[in-house]
Amino acid sequence: MRGLAGRALLLALAAGSLAMGPGAPPPEYGRVVLGRSARKAGVPAVGFDHWRHRALFTCRLCHVDVGFAMAAGETGVTASTNRSGFHCGACHDGKRLHQEKPLFAACAEGGRIDDPAAACRRCHAGPGGAARRAEEFARITAGLPRDRLGHVDWERAEAERRVRPVDQLPGLSIPRRPLEMKKEVAIASGAAWMDGILFSHPKHSVWNGCEVCHPDIFPSTHSGQARYSMLQISSGEYCGVCHGRVAFPLGDCERCHKRPVR
Amino acid sequence: MPHPPRAVRRALAALLLALAAPAARPAPPPAAAAAPAWRTEFDEVCARTQDAMALSVEELRSLVARCDALLPALEKLAESERKVFTRRLQACRSLYQFVLDSRGQK
Amino acid sequence: MRRAFGVAAALAALLAAGAAVGQGAGVKKRRPLPQEYGRVVLDNHSTASRMAPVAFDHWLHRARFTCRLCHVDVGFAMKAGATDVRAADNQRGFYCGACHDRKTVFDGKKLFGACGPGTAGESCARCHSVGKQVTPEVDFTAFTRGLPRGRFGNGVDWEQAEEQGLIRPADHLEGVSIARKPMTAQKDFALSPKLVEMPEIVFSHKKHTVWNGCELCHPDIFVGVKRGSTRYSMAEIFEGKYCGVCHATVAFPTTDCQRCHTRPVQ
């Protein structure tokens with residue numbers, strides 16, 4: 001009974017502090033709206049759906065090799081950085097081939113934003129379009145395993161090789177010998193009524209390598225040295241940088257809180 | 001006193017130089033043809049940092065003593081020189097002391 | 001009912017306690033663009049003198065001079081603001097003014113004078129550029145084209161660039177540097193990480209002494225000369241201590257794990 005009350009409280013807390021939390025339907029989950037430079041330039045905001053890219057690439061490729069920050073607006077993407085081959089333009093340069101077709105060039109010179117058919121509108125879509133997104137999402141994620149909240153279970157999809165996210169791209173990544181870290185870290189829960197957390201390095205490093213999380217998000221490499229709370233996590237820090245925004249939502253408690261930790 | 005006499009002589013000489021150094025005269029630019037005495041001594045004392053590991057304990061001790069003897073003269077210089085050269089002297093003195101200390105550990 | 005309140009109170013206390021520690025961590029920082037990496041903003045006296053703060057980019061200078069030349073001979077501290085550079089120092093031929101004196105010729109051109117008397121407004125903005133749109137004289141993209149690529153930082157592998165002779169950083173500045181004997185060779189050594197599974201670190205003195213003199217690192221940054229006498233953690237390095245003095249800000253960043261953790265684990 002106590003356990004239930006606690007979990008309900010936590011869930012309410014987590015849900016309350018997340019705009020795009022567990023409540024967002026799967027096609028909208030992980031959608032990032034980038035409007036700062038767009039607003040300055042007087043063009044519609046950019047809507048970026050993580051699911052389009054995460055089925056194809058690891059988190060590491062974009063958040064390390066390309067260098068996207070992990071909070072909307074933090075990166076400082078502008079038309080000019082894209083044109084110089086950074087950010088979206090690192091791949092979307094009009095030349096790089098994807099499925100044998102050149103990718104459209106991001107923020108190409110002479111693009112006509114007023115033309116609804118222009119390439120500009122692929123990203124600068126503005127509000128609306130939820131119905132079309134839901135349709136595309138259903139098509140792209142058809143046949144992929146789902147978790148108990150109805151989201152795509154990307155972890156299982158990768159483990160079963162139904163998605164094969166690319167981790168390195170020529171001209172963008174400089175390969176390094178992968179560091180094997182097999183350690184499973186047991187983290188004690190701060191609350192007596194909650195199971196302990198079992199953190200798996202291998203499950204995370206498939207997508208992230210070392211450098212997505214260390215040192216920015218988790219500077220300490222010693223378990224127990226960094227202390228953080230569910231409040232911090234639900235407001236987007238520590239595990240909450242990804243979980244609750246893009247990776248599986250915090251409402252799926254037992255996916256992390258799964259064993260008694262001594 | 002463990003210092004060899006030569007080091008003592010040098011330290012005394014540096015001290016005298018230091019005392020003789022004019023206090024608040026605007027110093028010439030560092031590249032001036034006739035370098036002031038403190039500068040000549042500084043250049044000499046701090047010229048051994050790159051091969052400090054090859055120096056003997058005695059040489060190191062003497063260099064540390066010369067650094068200490070030079071410091072008062074540098075502290076009397078005009079602001080810019082004082083900031084730059086006391087920092088530089090501190091770095092080379094610390095290094096000699098560091099190498100000296102490491103000898104003791106072996 | 002009372003029990004529920006108890007749980008809520010305990011939870012609130014727990015959350016508050018958790019929030020108090022671990023500040024600064026927990027979020028993903030923005031990765032600077034290649035030309036921004038190693039930028040230092042100096043504002044000891046600028047704002048107070050109604051000038052824009054100075055933005056110093058390491059990349060251009062580090063391609064041409066060793067770290068030692070500026071941080072030992074010229075006397076720049078390793079921390080922004082710690083040197084306390086004043087306009088008067090520059091005018092009198094110290095710090096920036098040690099080279100930027102309107103006399104020194106570099107690449108066939110006289111260098112501009114740092115904070116020189118009568119310097120026109122435009123010239124001030126070359127360094128006092130924070131918050132201004134200033135087109136740098138040397139374009140980063142053009143300058144770094146053709147240099148070996150690095151994973152992070154400036155996107156340039158400076159170590160390789162020097163090894164291949166594509167850049168030749170000068171280590172001596174006439175009138176400022178002291179003529180010295182070349183450094184006696186120091187040994188490379190391996191360091192064992194505390195974390196199991198992490199490969200050993202191989203520290204190469206040789207690779208470091210190309211850029212640095214002994215006194216740049218010893219004893220200020222690394223106090224112990226005997227291996228194992230100074231113990232430091234990755235957390236401290238990430239905070240900018242020990243290796244992190246350079247490798248968190250200017251030299252290749254700590255995210256490039258395998259560049260130091262190079263050995264297979266025994």
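The sequence lines fix the lettering, A, B, ..., with proteins before strands; numbering per chain opens at 1.
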Contact class of C:D157 relative to chain A, heavy atoms under 4.5 angstrom: neither
Check: C:R259 side chain, A:R176 main-chain N or O, donor-acceptor pair, under 3.5 Å: no
Test item: C:E197 side-chain N/O and A:K183 main-chain N/O as donor-acceptor pair under 3.5 Å: yes
Segment of A:T81 engaging chain C (4.5 angstrom heavy-atom cut-off): side chain
Point-to-point distance, once rounded to the nearest 0.5 Å, from CG of C:D256 to CD of A:E211: 8.0 Å
Exercise: identify the closest heavy-atom pair between C:V27 and A:G236: CG1-O, 4.2 Å
Chain A contact via C:L33 - side chain, backbone, both or neither, heavy atoms under 4.5 Å: side chain
Flag if over 12 foreign heavy atoms under 6.0 Å of CZ, C:R168: no
Toward chain C, the part of A:P175 with a non-hydrogen atom under 4.5 Å: neither
Side-chain touch A:I174/C:F152, heavy atoms, less than 4.5 angstrom: no
Donor-acceptor pair, side chain of C:Q258 and main chain of A:R177, under 3.5 angstrom: yes
Side-chain heavy-atom pair A:M181, C:M198 within 4.5 angstrom cut-off: yes
Donor-acceptor contact present, side-chain C:R30 to main-chain A:A71, <3.5 Å: no
Top contributor to chain C contacts, counting heavy-atom pairs under 4.5 Å, from A:H87, A:E180, A:K182: A:K182
Close side-chain approach of A:S84 to C:T141, heavy-atom, < 4.5 Å: no
Shortest non-hydrogen contact between A:V212 and C:K28, atoms and distance: O-NZ, 2.8 Å
Side chains of A:H63 and C:R31 in contact at under 4.5 Å (non-hydrogen atoms): no
Non-hydrogen atoms of C:T254 and A:P215 that approach each other most closely: OG1-CG, 4.0 Å
